[in-house]
Colleague: 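Structure in structure tokens, see below.
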Amino acid sequence: MLKLKLTFFFVLISFVSFLQNSTLSGSIKDSETGELLIGASVFVEKLKQGISSNLYGFYSLTIPNGNYTVKVSFVGYREVVKKIEINESQKLNIELVPTDVFIPIVTIEGENEDGNTRDTDMSKVELDVEQLKTLPAFMGEVDILKSIQLLPGVQSSGEGNTGFYVRGGGPDQNLIMLDEAVVYNAAHLFGFFSVFNADAIKNVNLVKGGMPANYGGRLSSVLDISMKDGNAKKFQADGGIGVIASRLTLQGPIQKNKSSFIVSGRRTYISELAQPFIKDDSPVKGSGYYFYDFNAKLNYEISDKDRLYLSGYFGKDVFTYVQAESGFTVNIPWGNATAALRWNHLFSDKLFLNTTAIYSSYDFQFEGRQEDFSFGLYSGIRDWNLKADFSYYPNPKHTIKFGANYTYHTFIPNNVTATQGDTEFDLGGAVRLYANEGALYFLDDVELTSLLKMNIGFRLSSFQHIGPFTRYIKDNNDNIIETIEYTGKKALKTYVRPEPRVTGRLILDENSSFKFGSTLNYQYMHLVSVGGNSLPTDLWIPSTDVIKPQQAIQFNMGYFRNFKNNMFETSVEVYYKDLQNLIAFKDGADPSDGVNDNIDNQVTFGDGYSYGAELFIKKNKGKLTGWIGYTWSKTFRQFDELNNGNKYPAKFDRRHDLSITGAYRLNERWVFGAVFVYATGNSITLPASKYFVEGELLVEYADRNSYRMAPYHRADISATWYGKKYKEFKNIETGEMEQVPKKFTSNWNFSVFNLYNRKNPYFIYFDNTGNLTQGTLDVAAIQVSLFPVLPSVTWNFSF
Amino acid sequence: MKVTHYILMVFISSLLFSCEKEIDVDLPRPEEKLVVEGVVETGAFPYVVLSKTSPYFDPTDVESVANSYVSEATITLSDGVTTTQMTRLCSGTLTEPQKDQLSIALGIPRQVLGAYNICGFTDLTRVGEVGKTYTIAITWKGEVYESSTTILNPVPLDSTWFEVYGNRDSLGFIYANLTEPANDINYYRWFARRINTYKSGPLKGQVKDNSFLPPTNSVFDDEFVNGTTFEFGYNRPSTNGNPDDSGPERSLYKDGDTVVVKFCNIDKSVYDFIDGAEEQIISTGSPFATPTNVFSNISNGGLGLWAGYSPYNDTIFCNK
């Protein structure tokens with residue numbers, strides 16, 4: 001029945017409804033910088049119909065001819081109200097003025113009008129980077145990934161860590177994209193900082209459930225991050241000097257309003273600063289660490305219909321470890337590189353195309369040396385990706401998206417080399433795996449009745465493991481019984497999977513709505529990690545004939561309600577997620593031991609499920625803004641070969657997870673921020689019993705993840721002091737005081753992390769003292785906490 | 001990769017403001033499991049010592065260690081042809097020097113051997129022979145635990161020598177040259193023992209090592225070296241008690257030492273146990289390691305190891 005109805009609608013839109021309609025389309029920009037605005041709302045009051053600008057600031061709205069009032073609004077900008085008469089299709093490019101520019105008093109901030117109750121998007125959150133900058137920042141570094149952990153349904157992977165888990169999914173189940181290029185390892189310094197330099201970021205969009213069909217390849221979430229395009233109107237420099245790192249961003253027009261650039265860099269000096277505090281007898285004396293990031297982007301408006309973007313990211317962590325006593329030195333660099341070339345093309349005022357060519361890579365290296373023995377390890381992943389995404393806006397009742405996506409993957413799970421003097425050990429050479437990944441999708445965001453709107457989508461994904469490849473078949477004793485060599489680009493295993501996606505919203509009354517969704521997702525690439533933490537050594541591996549694609553089915557629904565003219569947005573969502581073909585290392589597996597072996601021989605497979613409820617209350621307007629997010633959830637895993645086949649709580653199974661954030665704008669000069677988080681302690685595996693063999697203490701572990709560490713809670717505060725933005729002078733002609741914006745502005749951010757010095761557990765280890773043979777052995781459990789109360793100060797400037 | 005994890009842990013916990021406190025851990029009481037430590041070696045009487053696991057955070061004083069040993073069990077030993085019951089020998093019947101030896105050889109606290117009657121099992125009617133597979137069957141509390149191990153052909157070292165380490169004057173490592181048999185997968189374990197006496201200090205006149213000791217990473221397999229001739233070296237295993245186990249001589253041999261190397265060909269189950277145990281010892285509690293129980297070749301949920309060793313012995317006089 002539904003199918004029939006849909007077909008009827010398509011016929012209708014194609015032949016009938018166009019006759020007396022015209023299309024209003026254009027782009028929405030920031031008036032100060034010329035940046036295209038993503039997700040701004042264009043709303044026609046008389047028709048109660050509207051649309052949001054897409055990833056490229058483009059909107060298109062087809063409406064019956066007539067006279068209308070059009071409201072254009074976006075968070076952080078003054079609303080623009082335009083009266084238009086529309087008889088034929090017309091372009092309407094709109095520039096919005098940021099609220100903090102011509103401000104003083106309280107202004108009405110625009111917001112995507114009732115967006116959260118009207119859109120079919122559910123479990124989706126957009127973050128305004130400028131707003132995040134008023135929240136307390138860990139060591140003064142504003143971090144996007146840490147901010148999204150404050151949202152319900154998103155959990156931090158640990159103290160100060162940028163790794164995150166969405167609704168019971170693993171850290172590898174998040175699709176993290178920077179300007180559409182996949183970022184494989186979003187962490188610097190073992191996760192304490194993310195690779196995203198907030199100065200270069202325009203927009204952050206998180207989808208944690210009800211993933212639309214234009215996204216795929218991961219099970220749990222999409223984090224779509226857009227870099228700034230660069231100021232198209234004037235040259236601008238922004239920077240900051242912080243406790244551990246400094247940043248500088250330059251942007252400006254190449255040809256005014258036609259083309260612009262942005263370059264942004266960041267580097268730490270934590271290790272240089274820490275050196276004096278490391279004791280001479282410390283095992284890390286002489287060791288060092290730094291990371292840097294570099295973002296760059298060019299964009300060029302070829303014509304009204306064509307626009308080109310070239311963007312790139314390059315970042316590296318470098319860690320050196322020196323043990324002078326034994327002459328042991330280690331050098332460990334790792335990092336991501338991405339590049340994306342995009343072409344936006346308007347076929348008509350209703351059909352928009354974005355074509356992207358992307359390169360993305362992640363590399364990890366380890367070089368160790370002691371005397372004449374040297375050891376090297378290398379792993380990584382490399383992608384070439386081509387995609388085309390169409391948006392079609394036939395009329396306000398439909399937004400249709402369709403497209404295709406192809407990626408060529410090269411996986412290097414390990415490449416080990418070792419030499420001693422002139423002798424080179426045969427460690428099997430580099431292991432490389434190759435794969436094709438493709439997808440076709442179609443979705444229609446359709447208003448079925450004035451109350452019911454649905455986003456109906458279908459994605460057909462495929463994955464192909466191709467040669468060359470050497471398959472080692474092993475018996476139960478780990479002995480190779482057969483070796484099969486595949487040469488050439490022969491397809492070794494092909495998966496094709498349908499992924500239906502449906503979400504819908506039903507308007508209950510003017511301020512509230514009910515939303516529901518059901519999605520099926522497949523994931524063909526897997527991250528296997530040795531420990532429970534995200535580490536640079538984690539390996540990406542493809543699906544093969546042994547490793548099946550991971551699968552997730554998610555059901556979610558929610559009630560959304562706004563209060564007080566959208567001053568408060570609230571929502572309650574519940575979800576159930578079923579996960580299959582999850583992957584983990586077998587007990588005792590050593591991923592670096594890939595010689596004469598396939599990494600998929602070392603992994604084992606299992607299932608999982610997660611369910612929970614999320615509560616979200618957000619205050620958007622007024623001097624005090626912020627939100628409260630609370631999640632109640634349960635997450636389990638079951639692997640036949642782990643924990644004796646019994647189900648066990650996932651490491652990140654967290655019963656309670658609460659985040660409260662607030663920003664208070666006292667006046668033009670002072671903004672205060674605060675964050676409080678509380679989370680049930682992580683589950684870990686502890687030793688249950690001990691025994692002795694050859695006089696050595698050995699342990700038998702209790703059930704996997706059967707012990708819970710103490711709860712995690714912490715409060716952070718910040719104060720930001722803004723320098724004057726205006727110079728005042730007396731106008732000689734009128735005799736009145738006038739304000740002129742200052743060229744150079746700056747602000748000071750003072751943050752205190754872990755205000756009440758909570759000693760949160762990071763891990764627990766066991767300290768053996770005494771000696772067994774003397775009968776004095778004693779075992780103690782020691783809890784390690786990382787960060788005490790940490791004040792920081794950062795100075796930011798702009799001119 | 002394991003090394004990487006270790007380094008990262010050291011780095012994180014020492015550079016990043018970390019702070020530590022002792023906590024009480026409340027875990028349900030685990031069930032007791034049987035632990036086997038048994039060896040059959042070419043030319044030596046086979047022996048088995050039984051014990052049981054105890055809760056991890058229980059104290060490890062002399063009494064609790066003594067109570068963890070299991071005497072009330074019966075063990076049969078078979079080489080496929082002959083099956084015998086192993087005889088029980090208890091520390092109460094040993095002389096004081098024999099107890100000293102036993103304490104060092106098995107790692108049983110000396111006070112425990114002195115104050116308690118600890119029993120082990122042996123078969124004085126036969127010694128280990130190359131090529132035979134030995135099976136033990138232990139009956140304890142009505143349950144039967146079994147295990148088998150094989151004494152493989154010994155693999156000789158081509159040569160062994162002492163070499164001073166860097167600019168350490170008279171201190172260095174023991175090196176060996178091995179021509180690895182190409183035909184099959186081999187696993188090896190290295191033991192060493194200094195048989196010369198201390199010339200000075202509190203232990204003057206005593207033999208430096210009372211028994212063969214394994215260094216750290218005492219086992220390796222031939223995956224990377226199969227069929228090749230190569231050189232490798234080992235540092236000096238420590239006994240955690242001798243005066244030269246700390247200070248500049250730690251882990252190093254000294255000019256003038258007489259060292260007997262026992263290089264054993266072992267089967268896969270012995271390798272898997274030792275490798276797992278050594279890995280667990282360095283990684284217990286590391287947040288970057290997956291908590292993993294040590295492999296055991298004992299059936300029915302038993303722990304520990306029944307090990308067959310096929311040694312090749314060589315003696316080195318350390319001269320720089």
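A note on names: the letters A, B, ... follow the listed sequences, proteins ahead of strands, and every chain is numbered from 1.
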Colleague: In the structure I gave you, are the side-chain heavy atoms of A:Val693 and B:Phe273 within less than 4.5 Å of one another anywhere?
Modeller: yes

Colleague: Answer yes or no: is there a donor N or O on one side and an acceptor on the other, between the side chain of B:Glu37 and the main chain of A:Glu694, under 3.5 Å?
Modeller: yes

Colleague: Chain A: which of B:Val49, B:Val294, B:Leu303 shares the most heavy-atom pairs with it under 4.5 Å?
Modeller: B:Leu303

Colleague: Of the listed residues (B:Thr228, B:Leu305, B:Asp24, B:Asp58), which shares the most heavy-atom pairs with chain A below a 4.5 Å separation?
Modeller: B:Asp58

Colleague: Working to the nearest 0.5 Å, report the span between CG of A:Leu698 and CG of B:Asn293.
Modeller: 10.0 Å

Colleague: If you look at every heavy atom in B:Phe57 and A:Ala781, which pair is closest and at what distance?
Modeller: CE2-CB, 3.7 Å

Colleague: Below 4.5 Å, heavy-atom pairs only: which of B:Arg189, B:Glu32, B:Arg29 has the largest tally toward chain A?
Modeller: B:Arg189

Colleague: How about B:Asp26: does its CG atom have over 12 heavy atoms from other parts shown lying under 6.0 Å from it?
Modeller: no

Colleague: Measure the CD-OH distance between A:Glu700 and B:Tyr56 for me, rounded to the nearest 0.5 Å.
Modeller: 12.5 Å

Colleague: Check whether more than 12 heavy atoms from other residues, nucleotides or ligands sit under 6.0 Å from atom CZ of A:Arg369, and answer yes or no.
Modeller: no

Colleague: In terms of heavy-atom proximity below 4.5 Å to chain A, should B:Thr53 be classed as side chain, backbone, both, or neither?
Modeller: both

Colleague: Given heavy-atom pairs under 4.5 angstrom as the criterion, report whether the side chain, backbone, both or neither of B:Ile23 touches chain A.
Modeller: both

Colleague: Could you report the tightest heavy-atom contact between B:Pro30 and A:Ala688, atom names first, then the distance?
Modeller: CG-O, 3.5 Å

Colleague: Looking at every non-hydrogen atom in both residues, tell me the closest pair between B:Pro55 and A:Lys690 and how far apart they are.
Modeller: O-NZ, 3.1 Å

Colleague: Below 4.5 Å from any heavy atom of chain A, which atoms of B:Leu34 appear? Answer side chain, backbone, both or neither.
Modeller: neither

Colleague: Against chain A, label B:Pro214 side chain, backbone, both or neither, depending on which of its atoms sit under 4.5 Å from a heavy atom there.
Modeller: side chain

Colleague: Contact part of B:Val25 toward chain A, heavy-atom cut-off under 4.5 Å: side chain, backbone, both or neither?
Modeller: both

Colleague: Any sub-3.5 Å donor-acceptor pair from B:Lys21's side-chain atoms to A:Ile782's backbone N or O?
Modeller: no

